[in-house]
Structures are given as C-alpha cells and as structure tokens.
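Structure first, then comments.
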Amino acid sequence: FYCLSMFPYPSGKLHMGHVRNYTIGDVMTRFHRMRGYNVLQPMGWDAFGLPAENAAMANGVPPAKWTYSNIATMKKQLQSLGFAIDWERELATCSPEYYRWNQWLFLRMLEKGLVYKKTGTVNWDPVDQTVLANEQVIDGRGWRTGALVEKREIPMYYMRITAYAEELLAALDTLNGWPERVKTMQAHWIGKSHGVNISFPYELAGEKKLLRVFTTRADTLMGATFCAVAAEHALAAHAAKSNPKLAAFVEECKRGSVMEADLAQLDKKGMPTGLFVTHPITGEKIEVWVGNYVLMAYGEGAVMGVPGHDERDFAFAKKYGLPIKPVIDVGGKPYSTDAWQPWYADYGRCVNSGEYDGFDYQRAVDAIAADLKAKDLGEKQVTWRLRDWGISRQRYWGTPIPIVHCAACGDVPVPDNQLPVVLPEDLVPDGTGNPLAKTPSFVNCKCPKCGKPAKRETDTLDTFVDSSWYYIRFACPDQSKSMVDERATYWMAVDQYIGGIEHAILHLLYSRFWTKVMRDLGLVPVDEPFTRLLTQGMVLNEIFYRKGGDGRMTYYNPVDVELKHDDKGQRTGAVLHSDGKPVESDGIGTMSKSKNNGVDPQDLIEKYGADTARLFVMFASPPEQTLEWSDAGVEGASRFLRRLWLFAAGRGSDATVHVLSAGFIPVKEWSSQAPLIREFRRNIHLALKQASYDYERMQYNTVVSACMKLLNILEGGLGGPGVVSVNAVSQAISEAMGILLRVLYPVAPHITSALWNELGYAAQSKDLLDAPWPIVDKSALEQDEIELVLQVNGKLRGHMRAPKSAGREQLEQLALAHDAVARHTVGQAVKKIIVVPGRLINVVV
RNA sequence: GCCCGGGUGGUGAAACUGGUAGACACAAGGGACUUAAAAUCCCUCGCCGGAUAACUCCGGCAUGCAGGUUCGACCCCUGCCCCGGGCACCA
C-alpha cells in the first residue's frame, strides 16, 4: 500500500496545513499497516522555486543554502510529530541526482515532438528588465519597482499536453477513488467542446484571405453582426500599421497582467479595424473589431460577434452601437434588445435565418456546417480549452534546460552522456534578470555538435516538472543508472494520495500527463499515477490589519489579537494585546506569510506533545473540509489523553492487569451474562463499529469521537446489582481497553503503544503496530427489544419499545394503541401507516 | 467574469442509502473537593411558550434566505445571498 502525502516546499518551518496533511497520511499508513499491508510512506522536498530567490534577495544568502537549512529544520519537525516515514528514501528535487532525470526526460520528449518551442506571453517589468511571476504583479505593477507591467512575447519551450487531452479527459471515468469535484474541475479545465470553425473571406492588398473563428453556436451564424479579434491577432497588428489610434489601443491591451482572472474582469473595450469580411452564408459585409475580451490563447484568437445570443457580444454591441439581430426563438420567451436576459443564450429554433428557419440547434449546426464545407469555408471541429504547458522560466533556482545555442547548428540538445547540466549553487539573484545569464562559466560552452564555442540556455524548468514524477522516484531513489527501475513497477500506482485541494487541477493534471508519457516510453506500467485521492481542506485563519496613513496595510497575527464579546458570546470587536487599540478584520483566508495569519505548530508540539497535536488536528474537522483555526479545543484533546492515561494507570488497571497477567477462563457465552455486562459490551462494539466504518471512509474526526465514547463507557464502569462474575467483568474491561488502544493507535501512536506494553497486552501481540485490527462482535450488538420512533404525519410524537421479532401488523397495532399516537389521531381517518423496520412508524391521517 | 466546493447551537462539528437534528467535544454558568488557586469530578446548556409544589410533562419554531417534490428533507429540485479554492509564472 503506497500512501503518499504531497511533499512540501521547504519554506522555512512547518505550517498547520503540513501538520494536517501528514497526520492524515500517517493515520492512514498505520491503519493499513495494522490491517496487514506492506506500507510505503516516503517524504521529500519540492526544493526549487521562487521563494528561495526572494529570500536570497532579502538576505543575500544563496537559494541553495537557504533551502538546505530549511529542509534540516522541517525534517526535525516532521520527526518530532512521530510520522512513520521511510527516511531512507528522502529526496530533494534540487539535487543533480534528481533533476538530471528531468533533463533526460525533457530530451526524450523533445525527440518525440512532445516538447517544442514557440513564443509565449510573460509579465515584463520595464524598470528591473525582468520577467515577473503572476504573484509578483500587484494591481498591474511590479512588486519591487511599482512600474506598470507590460506583456512581452518571448521564445519558450512547451510540453504538448494537448496531445493527451482526449485520454486525460476519458480516463477521469476510471478514477473511482477520486472526489467527484476534482474530476469535474479537471474535465472543465480540459474543456472539450464540439463546434464549427468558420472562415470569413476578405481581401487585403488584392490578396484573398480568410479570417477563421471557432464557435460552439454555429446555429447563431445568421445573427453574426461583427467579428472581433484579440489584440495579439495578426489582423489587429496589420490594421494598426496604418491607424495610430488603433495602434495605441492595441498597445493599451498589451499593458497589464497576463492573468485570465484579470482579463475576464476588464471592462469590455474595442475599436474597429476598418477592415470588412464577408459573411460566408449571406455575403454581407461585416466589420472586424479588436476586442480586449477575445483571448488569443483559445480557439483562433478571433470570434464572430452574435450580440443577439451571447452575453459578452451583447454588452460589446450595446457599448459601440453595433446591430443586434435575434435569430433564435426560445419557446416564445420575449426578446428585447434593451437589456440582456439569461434565456437569450438558450438553445431554441432558428428564426430570421433564411433557409434555416425552424431548425433546432443540432439540425441547424449540421446544415450550416455542411453548407460551409461545400464552400470550403468551414467544418465541424473539436476544440480544447486546455493549452500546451509552457515550461520555460527565466529564473535561476530551477532545473537547467539541457539545450545549447550554437550560431552554426541552432538549438542543440545536450547529449545524454553530458547530463546532468549542473546548476551552480552559489549565485545570489538581485531581481534584475536571471543571474545564470550573467555567469560566463555557466553560459559559455562548446556546441555538442560542431565543438565551436556556444551559449547554454539559461531558462530553467517550471517547478511543476519536478513534482510531476517524484512519487515514482520514491520507489528507487538510489538508482543512478536510470530514471526509474523495476521497483517502480512494484509500488506504482500510488494507492492513496493526500494533499491540498488547491492542487486539484494543475499539479494533478501535470502528474497524470507525465505518467502517461513515461508509460509510453516504457518506464512505468500504469496509466494513472494516483488510484485514490484525498483532497484535504485548507487551514484558514482570520486576518487582522491596520491601515496606515500612507495607505499601507500592516497585518497582525491572530495570536496577538484579543477578541471582545458581549454577554451572549457575540463578537463585538478586536484589539491588539500590546496596545489595546482596535484592529480591523479582513475576513478569513488561508494561512500565509503575506497576511501574517499563520499559526506555528512548533508551539503546539512543545507545549502538548505530538499525540495531542495529531489528535486535535484530526478531531477538529473532517479531512476534506476547510479548517478554521481556533486555539480552543487543543486543551480538550490533551485532557482526553491525560484521562486515558490516568484511567489505565489507576482504576482501570486493577482489573485489566490482573486479567492479563493471571489469565482467565474465556467467556464463551456472553449472551448469558448479566444485562449490565451485555449493555456494556454492546456499547463498546457499537463504538468500534463506528470507528471501523469511519476509518474506511477516512472520516477521522468521528474516529476520534468514537475513541472518546469508548473511554466514557470504560469510565462508566461495570459494577452494580446483578453483576456477579468478576471473571466476566475483567474480561469485558480488558477487551474494551484492547479495542480502545488499537483504534486510537493510528492517531496517537505514542501513548497507546506505551499503555499497550504497560498493561500487558504485549504478551498477546508484541508490538501494537503488529496487533490485528479488532473485529466487531455482531452478537454483542443484538437486542431483544428495540426502540421505535412514532410519528403522526411525519411529526415526532413519541417512542415505543417493541420485541425485535414483531411483525408489521403487530407494530401497526401497537403504534395505533400508543397514547401519543392516539392523542394526535383521535377523530381522524388513518390513511396509511409507514413502517421503517427497526427505525420508525409514521401514521398518516 | 468563468469553473468547483461550503453555509447546522455561543464555538468546532455529528446525523451511514430521504427516516428521532445537534452524537463527540470546546466555551460558558452552577456545584463538590481545597486555607486558596490550578487540576479533577458532578450538574445545566438550540430558541420561544405553556402546565406542575417538584421529579417532570406538553406544544410551537429551528440546519444561510425564498419556494418546490415527498407520508417524511440538513440530505433531492429551482432561484437568491454570503464565504472559501482554482483560473495556466506562488507552491
């Protein structure tokens, strides 16, 4: 059983998200180990990335040094939490032994045409002369310089993930162990859409040309009143040459960030190009506009504008006074060009559409596609939202791309026997460009082909490359001759993958892609990397701030904030401990350095120990749900463990230790024991049943509550009238304690292991880890009488006890005769009686 | 803006396949023990109203809001509000 938690970025110290993630993994690991599996739980470091460069700039320390020191700190923290990790397999992606295989596979993909070069758009800081990550663009400005960010086109390498789009989508159906929501998100991301590509002919300088657009609504073609192209489109560039105003507009579109979220929220703006194209069916002249809402990266970078039935086109047409022509009738719903209504975009029947009038969506699309095809002006086409994966980064702290640029031979791949291309570890970036490019000893080399002086590529690989296959390398981290070996066949696929929901799309999709590439190269025998997936919820905390006179926000850690409540416990405000003056709340958000709302788990571990920290994090919330941090409750987790210890060491031990050391006459017939003992065992086995079920479905918060119930039952004791068999009492307590220790072990392994030995259970099974999982005794759950809920018209009216064996008719009679039912049915006709066996009887009047 | 989730007491949450809403805890209040405090133990604890000397008993409302389906809805459907995640260079 391969149980894998997402490896951490070595950012400095563990945060609560890590504690939550790795505790879930460790609970699952230990549970499966007890169920008899050979379990692998490895750990490594996603060690390349931007924060190391930022830290380097701030402190003047090379990223490598900062990274390795963080790894040492965090490893110590992980060990102090008692995770059953196989540290012999530890790996860091920034070591040449690891990243050389990134380079190796990059070259294999280059050979197969799965890696190619084209231009891509990046954020450019004109002051620092450097490429910025999206994160480094704040309100359209560079984070260090405050300069307005520009878009810039540069050559980059891409991985052809679109070649696998069909399989990546189809195979989602095979992932039964994945949450539906993740599969839905990925399916939407891949975004397969069936449509028609349509060509609008035009003439340019006497030359016949075609403007291609893609649409999923070819049925609305007769309503097209304009076309719009992206600012980066060739047509826009051409028109701008002779039109300074348009050129200025195209330039304006090129400012700002490249983020889709920003683009989608821009006010719709456009400008006519002065060019006209011909409608492929009607022959009408249609004007071409440049629109800031047209994405160059999707479809053809051009759209036909159908304001009658597309909301964005409608808004655009209203703004610029373009004609709106309704051509779809949606079951007679009213249409007015005054304001957009949601049903304008619905499917319906064609109207005002000439020969297509009366056609429904599918018939219209089929007919129009056929007519276009006959004129050679379009045909049906499948388009994907998924884009190829740009992997070039103009950064230092990453895997060097193994390419050499030679004046004579062009871009030359580094031969396998010259791998790895080693990254120098002593550079310190200064925020102006890539330090690799300023390091002659790295850049200057010989062309592998002709041997003449050449320049090394200075871009590095996206860090998502590193994390796309580390789980395969864990099977054979010491293999120096090849990327992976036959041990990967033994361990892959990962049986259970655990990590944050924020990785639902990118990391998980890239990993699926890489696995398929490696499969096709004969390196792994699996189609999918992760059989089951648990996406843990984010750990959130409240954000507090004050706004200074200059408008700068200062964030305060919730630890330093005191909340004010009224008598009823309602929040009235918040003040800072240090000065007692109020701070503002900015709502809740994921724990982050920038918002200063993180909680350091180290304090928790030091004050309460690993078991309490683990228990609390598991108990606070179900794994898949977001966890809003609160200090209250930690105390309760600690109290529970202390109670368990004191019970075992004190009152409980008399019976337990005695029984275990002296032996006893096994009770064969529990059913003949006193009712008190039977009730005790019933409750114990009910709690065990709940815990076992909840372990299976990974709902660990209720596993913990089952353990609390077990201790409550044990503390309730077993003395009393009618209980005469000391032997049976001892045995019931011993059984119950044995169940509790084993059920609690995966969550709190330290205290349970110690008690297991102290109480003498070790005589039965040496190590708690090797003890068999307890089995529910079904006969202990049986009852002679059951309690049933009585309802009248679905409203609770009372309870009654009935023999287990009672039949339907007998139950109906008993129910009708019951006081509570009679009171609410008197004088009314009974229409029917619903009997849910073992649960309730509902009398309908 | 688009895609995906979530919303239940003062708080974290539970409710397994549509069948007793609030398990298990936290906080709070009351009490026991103690010179005192801490720790520990016991009791109360969704909201509103009524009956009773009292133990208790009865009724109504309640799972973000407004509707719908059903004998019966936290659970299924429609619309809305709020919160979180993702949007391709944070990881």
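- To the nearest angstrom, P of B/C87 lies 12 Å from CG of A/Asp262.
- Residues meeting the salt bridge (Lys or Arg N to Asp or Glu O under 4.0 Å) test with A/Glu502, sequence neighbours left out: none.
- For B/G46 and B/A39, the C1' atoms lie 31 Å apart once the distance is rounded to whole Å.
- If you run ring-ring contact (aromatic ring centres under 6.0 Å, His included) between A/Tyr164 and each of A/Trp514, A/Trp389, A/Phe513, only A/Phe513 comes through.
- Residues meeting the salt bridge (Lys or Arg N to Asp or Glu O under 4.0 Å) test with A/Arg144, sequence neighbours left out: A/Asp128.
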Can you name the atoms? Protein N/O to nucleotides 27-33 of chain B N/O, anything below 3.5 Å, with the distance.
none

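- A/Asn541 contributes a side-chain N or O that, together with a main-chain N or O of A/Asn597, makes up a donor-acceptor pair within less than 3.5 Å.
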Quick one, A/Arg639 with A/Glu635, criterion salt bridge (Lys or Arg N to Asp or Glu O under 4.0 Å). Give me CA distance, side-chain angles, the key distance, then yes/no.
CA-CA 6 Å; A/Arg639 199 178 303 158; A/Glu635 202 58 61; 5.2 Å; no

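- In RNA chain B, the stems built from three or more successive Watson-Crick or G-U pairs (distances below 3.5 Å) are B:1-7 with B:81-87, B:10-12 with B:24-26, B:28-32 with B:40-44, B:46-51 with B:56-61, B:64-68 with B:76-80.
- Counting non-hydrogen atoms under 4.0 angstrom, A/Lys831 reaches nothing in the nucleic acid.
- Between B/A25 and B/C80, the distance separating the two P atoms is 42 Å to the nearest Å.
- Positionally, the nearest nucleotide of RNA chain B for A/Gln265 lies more toward the 5' end than for the other of A/Thr121 and A/Gln265.
- For the C1' atoms, the distance from B/C16 to B/C83 is 28 Å, rounded to whole Å.
- Remark: the A/Tyr298 side chain and the A/Ser193 side chain contain an N/O donor-acceptor pair separated by less than 3.5 Å.
- For A/Lys709, there are no salt bridge (Lys or Arg N to Asp or Glu O under 4.0 Å) partners two or more places apart in sequence or in a different chain.
- The salt bridge (Lys or Arg N to Asp or Glu O under 4.0 Å) search around A/Asp46 returns none, not counting sequence neighbours.
- Separating the CG atom of A/Leu688 from the C1' atom of B/C16 is a distance of 16 Å, rounded to the nearest angstrom.
- Among the nucleotides B/A39, B/G86, B/C71, the one closest to the side chain of A/Arg642 is B/A39.
- The NE2-P distance, from A/His503 to B/C87, rounds to 10 Å in whole Å.
- Residues A/Phe616 and A/Trp629 place their aromatic rings such that the two centres sit under 6.0 Å apart.
- If you take CZ of A/Phe640 and C1' of B/U40, they are 17 Å apart, rounded to a whole angstrom.
- Dashed line: the shortest gap from a side-chain N or O of A/Lys595 to OP1 or OP2 of B/C90 is not under 4.0 Å.
- Separating the P atom of B/A21 from that of B/G64 is a span of 16 Å, rounded to the nearest Å.
- Distance check on atom C1': B/G10 versus B/G22 gives 14 Å, rounded to whole Å.
- The side chain of A/Leu50 approaches B/A91 more closely than any other nucleotide in the set B/U40, B/A91, B/A88.
- Aromatic pair A/Phe7/A/Tyr471: centroids not less than 6.0 angstrom apart.
- Comparing B/G49 with B/C43, their C1' atoms sit 25 Å apart, to the nearest whole Å.
- Counting heavy atoms of neighbouring residues, nucleotides and ligands inside a 6.0 Å radius, atom CG of A/Asp139 does not exceed 12 of them.
- The same atom, P, is picked in B/G9 and in B/C58; the two are 26 Å apart, to the nearest Å.
- Residue A/Arg839 qualifies as open at atom CZ: its count of foreign heavy atoms under 6.0 Å is 12 or below.
- Across all strands, A/Trp389 comes closer than 4.0 Å to no nucleic acid atom at all (heavy-atom distances).
- Distance A/Arg643 CZ to B/C42 C1': 13 Å, rounded to the nearest Å.
- A/Asn434 and A/Gln394 form no side-chain donor-acceptor contact under 3.5 Å, judged by distance and modelled atom types alone.
- A/Trp384 is linked by a ring-ring contact (aromatic ring centres under 6.0 Å, His included) to nothing, counting only residues two or more places apart in sequence or in another chain.
- Tested against A/Thr399 for a side chain to side chain donor-acceptor pair (under 3.5 Å), the candidates A/Thr460, A/Asn102, A/Thr463 yield a single pass: A/Asn102.
- When atom types are taken as modelled, the side chain of A/Tyr695 and the backbone of A/Val743 share a donor-acceptor pair closer than 3.5 angstrom.
- Side chain of A/Gln625, nearest nucleotide from B/G85, B/C90, B/A13: B/A13.
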What does the B/S/- profile of nucleotides 19-24 of chain B look like, 5' to 3', with a 4.0 Å heavy-atom cutoff to protein?
BB--BB

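- Between B/C4 and B/G60, the distance separating the two C1' atoms is 40 Å to the nearest Å.
- Going from atom CG of A/Leu508 over to atom C1' of B/A88 covers 14 Å, rounded to whole Å.
- Residue-level contact check: A/Gln536 touches neither bases nor backbone, having no heavy atom under 4.0 Å from any strand.
- Contact annotation for A/Pro8: no contact, since no heavy-atom pair falls under 4.0 Å across all strands.
- Distance from the side chain of A/Arg697 is smallest to B/A15 among B/A15, B/A91, B/C87.
- When the ring-ring contact (aromatic ring centres under 6.0 Å, His included) test is applied to A/Tyr98, the partners found at least two apart in sequence or on another chain are A/Trp469.
- Taking syn as a glycosidic angle within 90° of 0, B/G9 qualifies as syn.
- A/Ser467 comes within 4.0 angstrom of nothing in the nucleic acid, heavy atoms only.
- Counting any heavy atom pair closer than 4.0 Å across all strands shown, A/Leu790 reaches no nucleic acid atom.
- When heavy atoms are screened at a 4.0 angstrom cut-off, A/Ala620 is found touching the sugar-phosphate backbone but no base atom.
- Where A/Asp694 and A/His188 each meet RNA chain B at their nearest nucleotide, the meeting point lying more 5' is that of A/His188.
- Rounded to a whole Å, the CG atom of A/Leu781 is 18 Å from the P atom of B/C16.
- Per the geometry, CE belonging to A/Met185 stands 7 Å off C1' belonging to B/G85, to the nearest Å.
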What pairs of nitrogen or oxygen atoms, one from the protein and one from nucleotides 78-84 of chain B, lie under 3.5 Å apart?
unit_1: B/G84; atom_1: OP1; unit_2: A/Ile588; atom_2: O; d: 3.0

Give me the distances for all protein-to-nucleotides 55-58 of chain B N/O pairs that come in under 3.5 Å?
none

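- Residues passing the ring-ring contact (aromatic ring centres under 6.0 Å, His included) test with A/Tyr608, sequence neighbours excluded: none.
- Judged by distance alone, the side chains of A/Glu624 and A/Thr535 do bring a donor and an acceptor atom under 3.5 Å apart.
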